[in-house]
Amino acid sequence: MTRRPNLIKVSGRTHYACTRCKISKIRCLGEKPACSNCKLVKKEDQCIYPPRDRKIVIMESDLNELYEQIQLLEKQVGVTVSLPASSRQLTLDEAPTDKSDRSSVAISASRAPHGDDPVFSLLLSWCFDSLPPSSVAWELISVVTKTYSADMYIVDYNDLETCIQNIYSYFSEFNNSDQIQHTVSEAPTPSILCYFFSLLGLGQQLQNTESSPTEEGIASVPGQKYFVLASRLFQFDFDQISFTYIQSCILLGLICCNLNRYNTTYNYFGIAVLSAVVNGYHRQIEVPSFLNEADRRQFLTSGEKKKRLWWTIFYIDVIWAARMNMPAHIEFTDTDVALPSEMPYDLHDHFDNDSLESNVQLIKYVAKFNKLIYGPSLRTFSVNYINTDKFNQDRLVDTIISSLNEISVGFELSFLNQCKDRSIVSEPNRNLANIFSRFNQLIILVVEPLLSVVFNPNSASLVENNQEVFGAIVKGIRAAYTSVNMFWKLFEHGKLFVFGFWDSQHLFSAFTLLVLVLIAGFPYKEHNRIVALLKYMAEHKNISAKRYLERIEAISIFIGQIPEAKLQLNLNASIHDYVRKDPSTLANEFYNPFCDENLYSAEFLQFFNLQPSNLLYEHFGFDAFSPQSQSTLWSMSKSIQKWSNYSGLPIPVSGINKSLSTVRKTGEVRSVNDCSINALIRD
């Protein structure tokens, strides 16, 4: 029979004052039925006691139960550390490696920065089991260097080899189960290990190679095993924000964006930016005059690395913030550090400062125009401010046209003109192709809201500068067309990032714009080739491409409800229908997106040179569509615009005033249409 638990402590008062003594604020001894104070004044009938408080009783059984839970948890932690890899639950996606002849061991972390922490000991054991042969590791890292690290400073060539040698040297002491507890080498820090496995994860994504099948026979997503391990190591927090820690943030963010984890990507890039700001990488620091030559070289080397890393973080963060329609973590004007090509210090590592600077210059426009076009409506503290449809639309159209002119003068003529004699398919890396792709995407994002204006008959009637609007749409068509051709060339030459988010996203953005103008009569017949390429990427586990194919199906349903649109989308298009039969034709091929001769064919030029003399809605023939088709066309345009905006926020075209249809019915057209913009803002 279970023993009755003993009372450890009883918390509560032994006696209480009566209500009369309590009100009078005199000491009461608590006698009953009446206290001595009430008897003294002969008011025994008013001596009333309040209900007693609930006693708080602490039982011995409660303490014993808590103590047993602590013992159980301590025992589980100890068992987990010593378990083999096959029976551990923490390693979610752990796959058998080529080291099948060795058994997993519990690695002592006594020489690690975190001492005898059992969790870090478990992570070290997990790293040991996940470590690939050094030849495989270098192969994956080389894929990263060829794709990203020539214009993103995420690989420090001078330190990388030493870092990897130290990692393999440390884990080489555990080649058999007899060597368990002690090592001569000091364990690598969590920051170094996180950086190393992040490189492997991104390299596996770029290479589009699958991890080994799990015990259930299910192959994991490329890079997933290394990403899970790196993210666990990253959670081992550090007080000192190191250079490698910030690079790990960037790598984990790049991996997450390929896994379609939008918010996590935004957070990782935000941590990288804010960590760099804490370390002062965004500020220019003068070289102290008292340094000797050796210290001066070390200072300049460190400063060059910080400068490269800062601008890498800056432009990656701005790109992703624009995709999310979220504010960037820092503005360009908040920095005064030298640009990548300003006063460079040669580290003899073949890093391309010019490509990094080109990206930084381009991203300045991305940040600016994303805020102007996709940001919130203009706000003011003036009580006389009037926000109308026409005011917002005029502001939007003027912003788009001026933005395109600014991009053309400030970036295209200054930077891209210098690259028009270079072939993107013969370059050793993708630096030039990435810049062209981001430039085309910027043009598409700037122009796309104009289609929402043109496809709406009410908004189209408010457009006054039809020729300028049509010219802007033509620039968007050129960007979309060259973007599609460029990705196809990259695919033919084996340089397409099949698993990557950005290639699929830029390809789909070009597709949506081309579909809208195809309905308007643009003579483009290769739209199904885009479907085939996205389908190929989806078949190779590209998560974004799978989602974009679902949206293409939705577009196909919209088009099926518009009989006037003579456009057929082949959802079963295969990549094999478009691949060249003779691979020898690819040898020594020259291709530059801005020298695409197909853009200057007679058929295209005839469309480009049209001069609209009436409303664009009528110029494209949309007025001849049935009311049902016009409504469907407008709904499709709004859906596409929402897809381009991650948060689904509306572009500020509509104001708070009466709608155009209401104004027309009431005969108050003059109060909206005839008001000048200057008259709408009164200080």
Side-chain angles (χ1 to χ4, degrees), residues 93 112-114 119-120 123-124 126-127 130-132 137-138 140-145 147-149 151-168 170-171 187-206 222-259 261 263-279 281-282 302 305-306 308-317 319-320 329 351 501:
D93 298 293
H114 296 275
V119 177
F120 185 58
L123 288 175
L124 285 176
W126 187 3
C127 293
S130 303
L131 197 68
W138 279 112
L140 293 175
I141 293 173
S142 67
V143 177
V144 178
T145 59
T147 308
Y148 280 127
S149 66
D151 61 350
M152 290 184 185
Y153 196 62
I154 53 178
V155 176
D156 187 347
Y157 295 97
N158 297 328
D159 297 337
L160 181 63
E161 186 172 358
T162 303
C163 168
I164 294 179
Q165 285 178 352
N166 291 339
I167 291 174
Y168 278 90
Y170 174 78
F171 287 110
T189 64
S191 179
I192 294 294
L193 291 172
C194 175
Y195 174 68
F196 172 69
F197 284 105
S198 298
L199 276 175
L200 298 186
L202 183 59
Q204 208 170 57
Q205 286 186 342
L206 292 168
Q224 183 179 1
K225 180 181 72 172
Y226 296 132
F227 167 70
V228 173
L229 175 54
S231 61
R232 295 289 179 86
L233 289 164
F234 183 80
Q235 293 171 8
F236 239 79
D237 204 5
F238 317 100
D239 293 331
Q240 297 296 327
I241 300 174
S242 65
F243 204 80
T244 308
Y245 174 81
I246 299 176
Q247 288 179 319
S248 299
C249 290
I250 300 174
L251 291 169
L252 289 171
L254 292 173
I255 295 174
C256 283
C257 87
N258 296 327
L259 297 175
R261 300 182 177 182
N263 293 323
T264 306
T265 302
Y266 183 74
N267 291 337
Y268 272 127
F269 291 157
I271 293 173
V273 171
L274 298 179
S275 298
V277 169
V278 168
N279 284 355
Y281 293 175
H282 66 305
S302 176
K305 291 181 178 181
K306 292 176 181 178
R308 292 178 182 180
L309 183 59
W310 167 254
W311 288 119
T312 298
I313 300 168
F314 174 79
Y315 95 76
I316 292 176
D317 178 62
I319 288 177
W320 193 254
H329 290 91
F351 184 79
F501 168 81

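Quantities reported herein were computed from a predicted structural model and do not represent experimental measurements.
Here the straight-line distance linking atom CZ of Phe171 with atom SG of Cys127 works out to 5.0 Å at 0.5 Å rounding. Note that CE of Met152 and CD1 of Ile250 are 8.5 Å apart. Values are rounded to the nearest 0.5 Å. Taking CG of Leu252 as the reference point, atom CG of Asn267 lies at 12.0 Å (rounded to 0.5 Å). Tyr268 contributes atom OH, which lies 8.0 Å from atom OG of Ser198 (distance to the nearest 0.5 angstrom). Put simply, CZ on Phe351 and OG1 on Thr145 are 12.5 Å apart, with the number rounded to the nearest 0.5 Å. In this structure, the separation between CD1 on Ile255 and OG1 on Thr264 is 12.5 Å, given to the nearest 0.5 Å.
Residue Ser130 comes nearest to Tyr226 through the heavy atom pair O-CE2, 3.5 Å, listed as atom of the first residue, atom of the second, then distance. Of all the heavy atoms in Val143 and Gly203, the pair that sits closest is CG1-O, 4.2 Å. Between Tyr153 and Arg308, the shortest heavy-atom contact is CE1-NH1, 3.4 Å. Heavy-atom minimum distance, Cys257 versus Thr265: N-OG1, 3.0 Å. Taking both residues in full, the closest heavy atoms of Asp317 and Gly270 are given as OD1-N, 4.4 Å, listed atom of the first, atom of the second, then distance. Summarising the geometry of Gln224 relative to Gln204, their closest heavy-atom pair is N-OE1, 4.5 Å, with the distance given to 0.1 Å.
Using a 4.5 Å cut-off on side-chain heavy atoms (C-beta onward), Ile271 and Tyr245 make contact. No side-chain heavy atom of Phe197 sits under 4.5 Å from any side-chain heavy atom of Ile167. Proximity of Leu202 to Asn258: side-chain heavy atoms (C-beta onward) are separated by under 4.5 Å at one or more points. Put simply, the side chain of Phe234 reaches to within 4.5 Å of the side chain of Cys249, judged on heavy atoms. Side-chain contact between Phe501 and Leu259 is absent, with no heavy-atom pair separated by less than 4.5 Å. Side chains of Tyr195 and Pro188 form no contact here, defined as non-hydrogen atoms less than 4.5 Å apart. Asn279 has its side chain within reach of Ile246: a pair of non-hydrogen atoms, C-beta onward, lies under 4.5 Å apart. The closest side-chain heavy-atom distance from Ile141 to Ile164 is below 4.5 Å.
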Apply side chain to side chain contact (heavy atoms under 4.5 Å, CB included) to Asn166 and Phe196, showing your working.
-> CA-CA 11 Å; Asn166 291 339; Phe196 172 69; over 6 Å; no
Derivation and outcome, side chain to side chain contact (heavy atoms under 4.5 Å, CB included), residues Phe227 and Gln205 | CA-CA 10 Å; Phe227 167 70; Gln205 286 186 342; over 6 Å; no
Should Val144 and Leu206 be marked as a side chain to side chain contact (heavy atoms under 4.5 Å, CB included) after you check the CA-CA gap, both sets of side-chain angles, and the distance that decides it?
-> CA-CA 7 Å; Val144 178; Leu206 292 168; 3.9 Å; yes
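With sequence neighbours excluded, no residue satisfies ring-ring contact (aromatic ring centres under 6.0 Å, His included) with Phe243. The side-chain contact (heavy atoms from CB on, under 4.5 Å) search around Ser302 returns Lys306, not counting sequence neighbours. Qualifying side chain to side chain donor-acceptor pair (under 3.5 Å) partners for Ser242, counting only residues two or more places apart in sequence or in other chains: Ser191. Judged as a side-chain contact (heavy atoms from CB on, under 4.5 Å), and not counting sequence neighbours, the contacts of Glu161 are Trp138, Gln165. A search for side chain to side chain donor-acceptor pair (under 3.5 Å) contacts involving His282 returns nothing, not counting sequence neighbours. Residues satisfying the salt bridge (Lys or Arg N to Asp or Glu O under 4.0 Å) criterion with Lys305, sequence neighbours excluded, are Asp156, Asp159.
The only option from Phe269, Tyr266, Phe314 that meets the ring-ring contact (aromatic ring centres under 6.0 Å, His included) definition with His329 turns out to be Tyr266.
Side-chain N or O atoms of Ser275 include none that pairs as donor or acceptor with a backbone N or O of Ala272 at under 3.5 Å.
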